[in-house]
Number of protein chains: 4
Amino acid sequence: MTESTRRTRGVQRGPRSVQVVESVRVATLAEMARVGFASFTIDGVAKAANVNRTTIYRRWPSRAALLASVVEPLIERYDADPDTGSVHGDLLALTVMIRDNAALPEGRALIEAVTSGTGELRELVRAMTARTLAPFHRALDRAVRRHELDPAADVKVIAYLAFQGVAMWEQAHDRPPTDDDLNRILRTVLPPASGLRGVA
Amino acid sequence: MTESTRRTRGVQRGPRSVQVVESVRVATLAEMARVGFASFTIDGVAKAANVNRTTIYRRWPSRAALLASVVEPLIERYDADPDTGSVHGDLLALTVMIRDNAALPEGRALIEAVTSGTGELRELVRAMTARTLAPFHRALDRAVRRHELDPAADVKVIAYLAFQGVAMWEQAHDRPPTDDDLNRILRTVLPPASGLRGVA
Amino acid sequence: MTESTRRTRGVQRGPRSVQVVESVRVATLAEMARVGFASFTIDGVAKAANVNRTTIYRRWPSRAALLASVVEPLIERYDADPDTGSVHGDLLALTVMIRDNAALPEGRALIEAVTSGTGELRELVRAMTARTLAPFHRALDRAVRRHELDPAADVKVIAYLAFQGVAMWEQAHDRPPTDDDLNRILRTVLPPASGLRGVA
Amino acid sequence: MTESTRRTRGVQRGPRSVQVVESVRVATLAEMARVGFASFTIDGVAKAANVNRTTIYRRWPSRAALLASVVEPLIERYDADPDTGSVHGDLLALTVMIRDNAALPEGRALIEAVTSGTGELRELVRAMTARTLAPFHRALDRAVRRHELDPAADVKVIAYLAFQGVAMWEQAHDRPPTDDDLNRILRTVLPPASGLRGVA
DNA sequence: TTATAATCGAGACGGTACGTCACGTCTTAGT
DNA sequence: ACTAAGACGTGACGTACCGTCTCGATTATAA
């Protein structure tokens, strides 16, 4: 009896909400890929997700929230530190990760958002930036601790420039940075010794 | 597509126009200072300029055009190269100029625009960036020519990082860069020898 | 012990619905008093009743049903005829009753409903009107039977005008009818003889 | 020269606005006739008028305004007094007018509005009622002045009841009042003498 | 006592309409 | 030759209720 009434249980995964959330997530990605974050609309996402507009407003009160929910998985990657044994290697791993993230539609959207200064995103951007910069700081701190880097080195600025340099590369050069480009950046911001040791 | 149907005739010469153009320019500045580029409206400018909205549309077909007309004087400053005798000095002068420009309302607007990725601004931004980067390149080339800088130095990347580092500083640090901050950036991106010589 | 109290509660109250029904009834009254029938919402009632919205929809499929359940006790008063011995007296008693009903929040709601023409209320209103008019007709019939009223008198119209006159008074005059107002209405619609006899 | 440029002038009457206003007026009528005032929507009118919704909002800030603009011509009829020589005749003319107005879609809408008590219409209704009642008062005053009516007659109540009686007739009887119905109303509210004299 | 049948609360959803905002276009008249 | 004034279509905004549905949890009554 009970079995027959709940005939969809085995098929559907989780409640209806999950379906909706997922399809909205996908549609958001699609829309951002299509028109960019700056000019994507809730209406557009709703249509693409085949979901009612009000439903979106119920769960995501703003475009920022929508972006956040789409971008979260990306950011989480930065929580795990690489450990290659050298500053250069660690930073390279991080910059590669940023570049590869930026190649994904959600990554592009994030970059756009970071740089849009809309105000609605202020908080989100702040959090994201902090979270992305953190592993750079940790890697540099490790390098200082293991005497690979002069303690007097300006690690804050190095981290900032490396991060910024990768993140904005495509905006400025109209193409994503190659591995070589990344190395050039790192060689430029890292003190020579460590930089050379890294590539050696 | 849209271009072909546009009725806007562009900026014109004539007695009345000058009045209008100027008051719109001022009002645009005021509006950008008030609400930022991201969310300033033609309506707002029109009201502030005490000019009819249609009049603005006639002369400036887009917000980008409005921005461009307001930002031009700023950019022109970059056309004249500083000549302090050292790379460090030259680059410092340029970064100071960028910082000081960014302190003006139109400068903020420009930064916002540069980083907004709206698409309507793509072209403008490309031009601006090129124009702002150019003096960096020229300064570095001069340094190479006078053997102050190793010819093998990655001048493109140095220029790019220095520029980007200053331009985005406030976005990332919530305060404009001090002179010391600028020096830290330059010390980080410039090869040690030249860097030291610069401050010496 | 617990068993016996449980049983008692069950016997006393029947299904727990009774609780809900009552609190919804009260809340409906409160809401109608607060915002009027025209713009009261199921949401509002649900909140005020501290009951889930779906619960209301389960029992009352429409606002009309909600209104009906609240208004019923009011209407029941009209089922008992007054017997003052004179037409004027009887009609006065009826009009007083209408006026007093209209002073209650549910009465106001009823009036509003009667006159809203929403369509969803068409049937309800028809029934209510008939039921309210009936005692007028009965009173006039009695008067004819006891020769107080000329059989040629247009009792239908008299009943209709008296009823309508009281019911709409406040709409037109912005204040409820005083006893004197009611008498004026009756004196106007009743043939002189009976009218005079009534007040004598 | 001028002729060729203004080639549409002869055809279109007035500016575009006039066209819009008129088509909205017509569409409003149609919508009110279709669904009643209580549940007609701006969207519906906009679609029916083939005009954008915002355009409607620009001119008519509320449904009340829309109603008013549609109902005005109707009301104006009440500004001219009939002059038949007798109270009964005058009042009959007025009630006939009301009935005939109520037969039109805009008249129905008005009745609905008058009785909807939405609050948004409060003011409109007050004005309309006053304007419709006024000719009744004037007719009765004239009757008193020419000694056709006892000065002690309760003219206020007579006017009110006659008006109300006609206006609400259809609501209560499900059919418009015939001429005979109107006469019955008048005979009931007018003092016998004058009433008889009127028809004699 | 223990099922079974009624409710109820909670939460989500699709949907319609609201009223507002800014956009960019157009026309007419005025200076 | 320009500008002012004003209207319009368009698209999106974010909100409010509507009515419906499904899912446990709770309770009442009957086996």
Side-chain angles (χ1 to χ4, degrees), chain A residues 1 5-6 8-9 12 14-21 39-44 46 50-63, chain B residues 2 5-9 12-20 39-44 46 50-63, chain C residues 3 6-7 9-11 13-21 39-46 50-59 61-63, chain D residues 5-6 8-9 12 14-21 39-44 46 50-59 61-63:
Chain A
M1 255 309 213
T5 53
R6 50 162 80 172
T8 54
R9 247 302 176 67
Q12 84 184 40
R16 182 157 52 145
S17 339
V18 176
Q19 300 279 349
V20 169
V21 169
S39 62
F40 92 133
T41 68
I42 303 271
D43 277 306
N50 207 22
V51 148
N52 197 279
R53 198 160 54 89
T54 50
T55 297
I56 296 187
Y57 277 112
R58 270 189 283 256
R59 284 182 176 280
W60 300 272
S62 64
R63 297 196 315 168
Chain B
T2 27
T5 56
R6 253 194 227 299
R7 288 310 192 87
T8 307
R9 269 163 286 178
Q12 309 190 353
R13 294 262 160 265
R16 260 158 106 188
S17 323
V18 179
Q19 286 274 355
V20 170
S39 60
F40 93 131
T41 68
I42 303 270
D43 280 293
N50 208 22
V51 148
N52 197 278
R53 203 158 51 85
T54 45
T55 300
I56 296 187
Y57 277 113
R58 243 175 257 132
R59 294 180 170 279
W60 298 271
S62 63
R63 297 194 315 169
Chain C
E3 260 86 282
R6 265 201 192 181
R7 235 202 334 242
R9 221 191 308 178
V11 173
R13 294 281 73 198
R16 66 183 150 153
S17 328
V18 178
Q19 288 274 354
V20 170
V21 170
S39 60
F40 93 132
T41 68
I42 304 271
D43 279 294
V45 175
N50 207 21
V51 149
N52 197 278
R53 202 160 50 87
T54 43
T55 299
I56 296 185
Y57 276 113
R58 268 189 283 260
R59 294 188 167 277
S62 63
R63 296 196 316 171
Chain D
T5 53
R6 50 161 81 174
T8 55
R9 245 301 176 69
Q12 83 185 42
R16 179 156 57 143
S17 340
V18 176
Q19 300 279 349
V20 169
V21 169
S39 60
F40 94 131
T41 68
I42 304 270
D43 278 304
N50 208 23
V51 148
N52 197 279
R53 198 158 52 88
T54 48
T55 297
I56 296 187
Y57 278 112
R58 272 188 280 255
R59 285 183 175 279
S62 64
R63 297 197 314 169

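Worth saying up front: this structure is predicted, and the values here are computed from it rather than measured. In what follows, every chain begins at residue 1, and chains take the letters A, B, ... in the order their sequences are listed.
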Pairwise 5' ranking along DNA chain F for V51(D) and G44(A), keeping only the more 5' one: V51(D)
Whole-Å gap separating P (dC18(F)) and CZ (R63(C)): 7 Å
Side-chain H-bond candidate by donor/acceptor type, T54(C) with N52(C), under 3.5 Å: yes
Residue mapping more 5' on DNA chain E - nearest nucleotide basis, I42(B) or S62(D): S62(D)
Gap separating the CD1 atom of I42(B) from the CZ atom of R53(B), nearest 0.5 angstrom: 8.5 Å
Neighbours of DNA chain F within residues 52-60 of chain A, by heavy-atom distance under 4.0 Å: R53(A), T54(A), Y57(A)
Whole-Å gap separating C1' (dT16(E)) and CG (D43(A)): 14 Å
